Visitor: 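Structure below; questions to follow.
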Amino acid sequence: MAVAYQQYLFTSLGWLHIRATDQALTAIQFSEKQGTDQPNELTFRAACQLTEFLEKKRTSFDLPLEFRGTDFQKKVWLALQRIPYGHTITYTELALWLGDEKCIRAAAHASGTNPLLILVPCHRVVGSHGHLTGYAGGLWRKQKLLELEGALAMQAEISW
């Protein structure tokens with residue numbers, strides 16, 4: 001098994017917990033508090049690129065990612081990476097991208113289990129009519145990320 005590394009990054013959205021092996025990033029999740037850093041070059045690069053992204057100095061990432069999940073989840077996570085910066089799609093559109101409108105619930109569930117938040121932009125998937133629904137980091141963070149990208153008007157309402 002590959003050695004695991006981790007680093008915590010404090011951002012305007014709270015703590016991010018970045019995890020990696022020697023070869024790739026394996027997870028970026030929000031954390032309630034800082035833990036013990038055991039960084040490597042990849043966690044450092046991720047922290048730098050995430051900081052640049054949140055400061056509006058970067059619109060894409062060039063980091064190696066390792067997806068750990070089912071084949072379907074991996075297919076969804078790869079599809080999410082196709083959503084351009086500053087744009088949103090609906091869960092129905094995501095299902096259509098995957099080739100089957102009937103897989104909308106499964107696609108939404110896979111999006112919700114995305115282990116690489118922000119880098120794999122599941123925050124760019126919205127409900128029908130543009131309503132904000134579901135985000136593992138909380139809807140307020142989804143709204144802030146979409147506002148940062150200019151994909152959501154400041155006065156947008158969150159659908160609970």
Side-chain angles (χ1 to χ4, degrees), residues 7 9-20 24-31 42-160:
Q7 184 171 339
L9 174 66
F10 188 74
T11 72
S12 58
L13 300 174
W15 287 103
L16 285 173
H17 183 193
I18 304 165
R19 292 184 293 250
L25 293 165
T26 58
I28 296 181
Q29 303 292 315
F30 289 102
S31 177
L42 280 176
T43 63
F44 179 76
R45 283 180 49 210
C48 289
Q49 290 189 25
L50 286 161
T51 298
E52 291 170 351
F53 177 83
L54 294 169
E55 292 175 348
K56 296 179 114 178
K57 296 176 183 174
R58 171 180 289 276
T59 60
S60 63
F61 302 96
D62 59 349
L63 298 161
L65 308 179
E66 180 183 321
F67 296 114
R68 297 177 178 174
T70 67
D71 289 343
F72 182 77
Q73 287 173 319
K74 292 175 187 177
K75 185 177 177 180
V76 171
W77 300 332
L78 289 171
L80 293 172
Q81 291 182 287
R82 293 178 30 213
I83 307 169
Y85 178 92
H87 292 82
T88 61
I89 65 169
T90 65
Y91 288 101
T92 300
E93 289 170 314
L94 176 60
L96 290 171
W97 278 13
L98 297 168
D100 184 2
E101 186 176 6
K102 294 177 185 173
C103 76
I104 186 169
R105 286 180 188 255
H109 183 265
S111 177
T113 61
N114 169 20
L116 288 153
L117 296 178
I118 303 174
L119 300 184
V120 176
C122 58
H123 62 274
R124 296 180 188 152
V125 185
V126 297
S128 59
H129 308 294
H131 294 122
L132 298 189
T133 58
Y135 187 63
L139 288 180
W140 72 272
R141 286 186 177 114
K142 183 174 189 164
Q143 181 170 352
K144 292 292 185 192
L145 287 166
L146 292 174
E147 288 172 357
L148 172 86
E149 294 185 20
L152 186 67
M154 297 293 280
Q155 68 276 12
E157 260 184 53
I158 294 177
S159 295
W160 302 103

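Keep in mind that what you see is a predicted model, and the values were worked out from it rather than measured.
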Visitor: Suppose the criterion is side-chain hydrogen bond (donor to acceptor under 3.5 Å, both in side chains): which pairs have a residue in residues 100-112, not counting sequence neighbours?
Guide: none

Visitor: Return the set of residues passing salt bridge (charged side-chain N to carboxylate O under 4.0 Å, His left out) with Lys56 (not counting sequence neighbours), or none when no residue passes.
Guide: none

Visitor: For Pro84, what residues pass the side-chain contact (heavy atoms from CB on, under 4.5 Å) criterion, not counting sequence neighbours?
Guide: His87

Visitor: For residues 71-87, pull every pair meeting salt bridge (charged side-chain N to carboxylate O under 4.0 Å, His left out), keeping only residues two or more places apart or in separate chains.
Guide: none

Visitor: Could you give the distance from CZ (Phe44) to CD1 (Ile18), rounded to the nearest 0.5 Å?
Guide: 10.5 Å

Visitor: Test of understanding: with ring pair (Phe, Tyr, Trp, His ring centres under 6.0 Å), list the residues that count as partners of Phe30, not counting sequence neighbours.
Guide: none

Visitor: Side-chain contact, heavy-atom cut-off 4.5 Å: Val125 with Tyr135?
Guide: no

Visitor: Output every pair passing salt bridge (charged side-chain N to carboxylate O under 4.0 Å, His left out) with a member in residues 123-135, not counting sequence neighbours, ordered by first then second residue.
Guide: Arg124-Glu149

Visitor: List in chain and number order the residues that pass side-chain contact (heavy atoms from CB on, under 4.5 Å) with Arg19, two or more places apart in sequence or in another chain; answer none if no residue qualifies.
Guide: Gln6, His17, Thr26, Ala27, Gln29

Visitor: So, Lys57 side chain and Thr51 main chain: donor-acceptor pair closer than 3.5 Å or not?
Guide: no

Visitor: Measuring from Gln7:CD to Leu50:CG, what's the distance to the nearest 0.5 Å?
Guide: 10.0 Å

Visitor: Under a 3.5 Å distance rule, please check whether Trp77 uses its side chain to pair with a backbone N or O of Ala110 as donor and acceptor.
Guide: yes

Visitor: If you round to the nearest 0.5 Å, how far is CG of Asp62 from CZ of Arg45?
Guide: 6.0 Å

Visitor: Going by salt bridge (charged side-chain N to carboxylate O under 4.0 Å, His left out), name the residues that satisfy it together with Glu52, two or more places apart in sequence or in a different chain.
Guide: Arg58

Visitor: Mind jotting down which residue pairs meet the salt bridge (charged side-chain N to carboxylate O under 4.0 Å, His left out) criterion with at least one end in residues 88-99? Sequence neighbours excluded, please.
Guide: none

Visitor: Taking only residues two or more places apart in sequence or in another chain, which ones pass ring pair (Phe, Tyr, Trp, His ring centres under 6.0 Å) with Trp97?
Guide: none

Visitor: If the condition is side-chain contact (heavy atoms from CB on, under 4.5 Å), which residues does Thr70 pass it with, not counting sequence neighbours?
Guide: Phe72, Gln73

Visitor: Under the ring pair (Phe, Tyr, Trp, His ring centres under 6.0 Å) rule, collect the residues that match up with Phe10, sequence neighbours excluded.
Guide: Trp15

Visitor: When you compare the side chain of Phe53 with that of Leu145, does any pair of heavy atoms fall below 4.5 Å?
Guide: yes

